[in-house]
Amino acid sequence: MTNPNRTVIIIGNWKMYQTIDTSLAFLKTLLPLVSDASCEVYLAVPFTSIAPMAAQTKETKVIIGAQNMHDASEGAFTGEIAAKMLENAGAKFVIVGHSERRRLFNEDNAFINRKVKRALVDGLQPVLCIGETLQERQAGTTQQVLHSQLSECLAGVPSEQMARLIVAYEPVWAIGTSQPASPEEAQAVHHQCRESIEQMFTNEVAQKISILYGGSVKPDNAAAFLDQSDIDGLLVGGASLSPETFNQIIHCQRANALKNL
Ligand code: PGA
């Protein structure tokens with residue numbers, strides 16, 4: 001099972017779905033279902049939903065965050081959003097480096113690194129996404145690609161700040177494809193990522209950091225991922241859009257934890 005020293009975190013990533021109205025209706029259904037959840041429940045929602053959802057989730061199990069931000073503290077960047085604006089709206093965390101941002105908006109590791117550092121300075125917990133493409137996997141370079149993503153995106157982050165950061169391993173070929181990695185495959189990669197983090201920082205940092213798996217997570221495969229010792233939680237896209245389905249994933253973890261007591 002997941003290492004007891006690390007809290008299990010289940011993050012929903014809504015991408016560009018949900019209006020303010022549908023976000024609040026979602027919460028109304030989800031909140032009573034998850035009040036007894038044994039894991040941490042995060043929701044990365046559209047910018048417009050952050051403030052109203054943060055207001056409705058005070059003193060609940062659900063933590064609201066954003067899916068992206070700019071790396072500057074403020075400035076003439078029409079259409080962009082700063083970490084302190086998100087924090088002021090009630091966001092507690094931010095996803096950075098999602099493969100859709102890397103692929104569709106040409107974000108590179110250097111830019112993502114600046115975002116990670118900005119998020120930490122301006123009071124948001126970064127959720128750093130990394131993952132190899134199908135070509136990289138087929139070429140046998142997965143480990144190298146992930147090691148460079150980690151070292152370039154985390155360059156200059158002080159060790160003592162690493163406890164505030166979450167890493168999400170999302171193989172690009174598994175996102176939105178209904179073809180998840182196998183739990184064993186994911187476990188092997190997570191273990192390597194933890195070793196990379198140990199090389200960059202310390203053993204203590206590597207043991208404490210939460211590394212989540214993402215890519216076609218559904219209620220029927222969630223428990224098998226959480227059974228792996230280096231998988232500390234899940235980043236869920238499509239299956240987080242329905243409160244009932246997302247709740248099944250959250251409670252699969254709970255059932256799993258109870259089973260292993
Ligand atoms: P998916 O997306 O669960 O729909 O595959 C995961 C993600 O993009 O974070």
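Atoms within a ligand are numbered from 1 in the order they appear, just like the ligands themselves.
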Is R101 positioned over the aromatic face of F105, cation under 6.0 angstrom from the ring centre and no more than 45 degrees off axis?
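Here R101 passes the 6.0 Å and 45° test against F105.
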Should [X] be counted as touching ligand 1, given the test is an N or O pair under 3.5 Å?
| X | value |
| --- | --- |
| I175 | no |
| A239 | no |
| L235 | no |
| K218 | no |
| T177 | no |

Heavy-atom contact under 4.0 Å between G214 and ligand 1?
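Contact absent.
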Per-atom contacts, ligand 1 versus [X] - under 4.0 Å to a heavy atom:
| X | value |
| --- | --- |
| G215 | 5 (O) |
| H98 | 7 (C), 8 (O), 9 (O) |
| S216 | 1 (P), 3 (O), 5 (O) |

With the threshold set at 4.0 Å, does a side-chain nitrogen-carboxylate oxygen contact exist between E204 and K208?
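K208 and E204: salt-bridged.
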Tell me: protein heavy atom nearest [atom], and distance?
| atom | value |
| --- | --- |
| atom 7 (C) of ligand 1 | E170 OE2, 3.1 Å |
| atom 3 (O) of ligand 1 | G237 N, 2.8 Å |
| atom 4 (O) of ligand 1 | G238 N, 2.9 Å |

Atom NZ of residue position K218 - does it have more than 12 heavy atoms of other residues, nucleotides or ligands inside 6.0 Å?
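Atom NZ in K218 is packed in, count exceeds 12.
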Closest non-hydrogen atom pair between R102 and G97, with its separation:
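Minimum heavy-atom contact is NE-O, 2.9 Å.
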Using every non-hydrogen atom in the two residues, find where G214 and P171 come nearest and quote the distance to one decimal.
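Closest approach of G214 to P171, heavy atoms only: O-CD, 3.4 Å.
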Are any non-hydrogen side-chain atoms of I63 and T57 less than 4.5 angstrom apart?
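No, side chains not in contact.
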If the plane angle is over 60° it's perpendicular, under 30° parallel, otherwise tilted; pick one for H190 and Y169.
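The arrangement is perpendicular - the two ring planes meet at more than 60°.
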Value rounded to 0.5 Å, distance of CD in Q67 from SG in C129:
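One gets 10.5 Å once the value is rounded to the nearest 0.5 Å.
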